[in-house]
2 protein chains.
Amino acid sequence: MNYKIKSRIWIEADNNVFLGEGRVRLLKAIETNGSLSKAAKSLEMSYKKAWTLLDAVNKSATKPVVITSIGGKNGGGAKLTPYGKSLITAFDTINKGCWKYLDKHLDTINSI
Amino acid sequence: MNYKIKSRIWIEADNNVFLGEGRVRLLKAIETNGSLSKAAKSLEMSYKKAWTLLDAVNKSATKPVVITSIGGKNGGGAKLTPYGKSLITAFDTINKGCWKYLDKHLDTINSI
DNA sequence: AACCGTTATATTTGTCAAGAAATAACGCTA
DNA sequence: TAGCGTTATTTCTTGACAAATATAACGGTT
C-alpha cells in the first residue's frame, strides 16, 4: 500500500486565523454569485456560518476584502475588492506549490 | 501588520489518517519513556487518548511501528521499531522542508 | 406604504467528540 | 498467591461546536 501526504495551510494575522481553504472557497463563491446568501447556498452551508466566516476574514484583514451592502435594487450584495481577488490568487499559488513540494518528497516515506 | 503562513501535514493510508504532528509527538515520547502511560503523562494527555492514537497508528501502518507488552518485570512497556524511528525522522524532515517553502513565499502575501 | 431579497444578529436546540472514571487482563517478582 | 505497574477496554458525563430558528434592519421597487 502507498501512503499519501496531505496538507492544510492557512494565514494568520495577530494570532488569529485570517485565511484558510474554507474561507478561500467562500470568497470564490462570493465572487461568482455576487451575494453572500447565494454563495452559502452554492456551498451547501448555512447563511450564518458563511456570515461568521466572512466576518472573521474582514475583522482580521489589514485592508477590506469584501464589500457588502444592504437593501437596494436587488436587496443588497457582496463583492470582492481587488485586494480580495489578489489574496485568492496568492493563496492558491502557494497552496499548489506546497502540494507539489510534498508530492516530490512522498517517496521518502514510501521507500522506508 | 505582517501575516504568517502556518501549515499542518499528515500522512494518510487508505483514506485514514496515519501520521500527523500529534501522533509523531506521541511516538517521540514513547521512544523517550519506554512506556505508553509515561509518554501520555509527559504530554499531559490522558492514557486513553494516547492509547487511541497509538491504536490508530498501528492499525493503518503497513509494518509494525510500536511493539507493546503487558505484564512482566516492569509491568510492560512500549517500544518503537526501527521502522517507527525512521518514520519520525522522515516526517520531521518533510515537515521542516514544508515550513521552509512557506516562509520563502510569505512575501507573496505581504507584498500585495 | 407594502413588498422583496438581501445583510446582520440573537437565541435556542441538537450533536458529537473529548474527558473522566472504573475495570479487566497480563506476566514477572517476592 | 498476593502485589505491582503496565496495557487494554467499556461506560458515562460533560462541554464545545454546529445547526436550526427567529427577527431586525436596510433601501430600492411597485
Side-chain angles (χ1 to χ4, degrees), chain A residues 8 10 12 15-18 20-61 63-81 83-84, chain B residues 8 10 12 15-61 64-81 83-84:
Chain A
R8 269 285 165 93
W10 66 94
E12 290 192 4
N15 289 331
N16 293 315
V17 175
F18 165 50
E21 291 185 15
R23 296 178 186 197
V24 166
R25 209 177 306 130
L26 177 61
L27 292 182
K28 286 178 181 172
I30 291 174
E31 191 177 19
T32 305
N33 294 283
S35 114
L36 182 54
S37 65
K38 282 179 190 158
K41 211 165 280 176
S42 79
L43 297 175
E44 293 182 352
M45 175 191 301
S46 73
Y47 173 82
K48 194 210 162 174
K49 184 172 179 182
W51 183 87
T52 305
L53 278 176
L54 180 57
D55 189 53
V57 170
N58 278 327
K59 274 183 180 155
S60 51
K63 308 181 205 173
V65 175
V66 171
I67 304 292
T68 60
S69 60
I70 314 178
K73 182 169 185 177
N74 295 311
K79 201 173 180 315
L80 264 73
T81 62
Y83 178 60
Chain B
R8 269 285 164 93
W10 67 95
E12 290 193 3
N15 290 331
N16 293 315
V17 175
F18 166 51
L19 261 193
E21 291 185 16
R23 295 178 187 197
V24 166
R25 208 176 308 128
L26 177 61
L27 292 182
K28 286 178 181 173
I30 290 174
E31 190 177 20
T32 305
N33 293 284
S35 113
L36 183 54
S37 64
K38 281 178 190 160
K41 212 164 280 176
S42 81
L43 296 176
E44 292 182 352
M45 176 190 301
S46 73
Y47 173 81
K48 192 209 162 177
K49 184 171 180 184
W51 183 86
T52 305
L53 279 176
L54 180 56
D55 189 52
V57 170
N58 278 328
K59 273 184 181 154
S60 50
V65 175
V66 171
I67 304 292
T68 60
S69 60
I70 314 178
K73 181 169 184 177
N74 295 311
K79 201 171 180 316
L80 267 72
T81 63
Y83 178 60

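Predicted model, so just to flag it, every value in this text is computed and none were measured. Protein chains get the first letters and strands the later ones, always in sequence-line order, with residue 1 at the start of each.
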- Message: Between B:Val57 and B:Phe18, does the side-chain contact (heavy atoms from CB on, under 4.5 Å) criterion hold? Intermediate values first, please.
- Response: CA-CA 5 Å; B:Val57 170; B:Phe18 166 51; 3.9 Å; yes
Produce the list of close N/O pairs, under 3.5 Å, pairing protein atoms with atoms of nucleotides 9-17 of chain C; give distances to one decimal.
residue: C:dT11; atom: O4; partner: A:Lys48; partner atom: NZ; Å: 3.4

- State, with a plain yes or no, whether a side-chain heavy atom of A:Leu36 is found less than 4.5 Å away from one of A:Leu54. yes
- Message: Measure CD1/A:Ile67 against P/C:dT7 and give the value in whole Å, please.
- Response: 14 Å
- Query: Can you tell me if the side-chain N/O atoms of A:Ser35 get under 4.0 Å from OP1 or OP2 in C:dG5?
  - Reply: no
- Task: Considering just the side-chain nitrogens and oxygens of A:Ser37, establish if one lies under 4.0 Å of OP1 or OP2 belonging to C:dT7.
- Result: yes
- Message: Are the side chains of A:Asn16 and A:Lys59 in contact, using a 4.5 Å heavy-atom criterion?
- Response: no
- Query: Quick one: B:Lys49 NZ to C:dA21 C1', roughly how many Å, whole number?
  - Reply: 17 Å
When the side chains of residues 38-51 of chain A are checked against the rest of the protein, which donor-acceptor pairs come out under 3.5 Å, sequence neighbours left out?
residue: A:Ser42; atom: OG; partner: A:Ala39; partner atom: O; Å: 2.8
residue: A:Ser46; atom: OG; partner: A:Lys49; partner atom: N; Å: 3.1

- Message: For A:Leu54 and A:Gly72, find the nucleotide of DNA chain C closest to each by heavy atoms; which residue's nucleotide sits nearer the 5' end?
- Response: A:Gly72
- Task: Please state how far atom NZ in B:Lys73 lies from atom C1' in C:dC26, giving the value in whole angstrom units.
- Result: 18 Å
- Please lay out, stage by stage, how B:Glu31 and B:Leu27 fare under the test side-chain contact (heavy atoms from CB on, under 4.5 Å). CA-CA 6 Å; B:Glu31 190 177 20; B:Leu27 292 182; over 6 Å; no
- Rounded to whole angstrom units, what separation is found between the CG atom of B:Leu53 and the P atom of D:dT7? 14 Å
- Can you see which heavy atom on A:Ala29 is nearest to which on A:Asn33, and at what distance? O-ND2, 2.7 Å
- Item | Donor-acceptor contact present, side-chain B:Thr81 to main-chain B:Val65, <3.5 Å | yes
- Query: Which heavy atom in B:Asn15 sits nearest to a heavy atom in B:Glu12, and how many Å separate them?
  - Reply: CA-OE1, 3.8 Å
- Measure from CD on A:Glu44 to P on D:dA19 and round the result to the nearest Å. 12 Å
- Message: Check this one for me: any side-chain N or O of A:Ser46 less than 4.0 Å away from OP1 or OP2 of D:dA18?
- Response: no
- Message: Rounding to an integer number of Å, can you tell me how far A:Ile70 CD1 sits from D:dC26 P?
- Response: 7 Å
- Query: What integer distance in Å separates A:Asn74:CG from C:dC4:P?
  - Reply: 15 Å
- Give the angle between the helix axes at the two ends of the helix from C:dA1-D:dT30 to C:dA30-D:dT1, taking five base pairs at each end and rounding to 10°. 20°
- Message: Closer than 3.5 angstrom, by distance alone: can the side chain of A:Arg23 be matched with the main-chain N or O of A:Val17 as a donor-acceptor pair?
- Response: yes
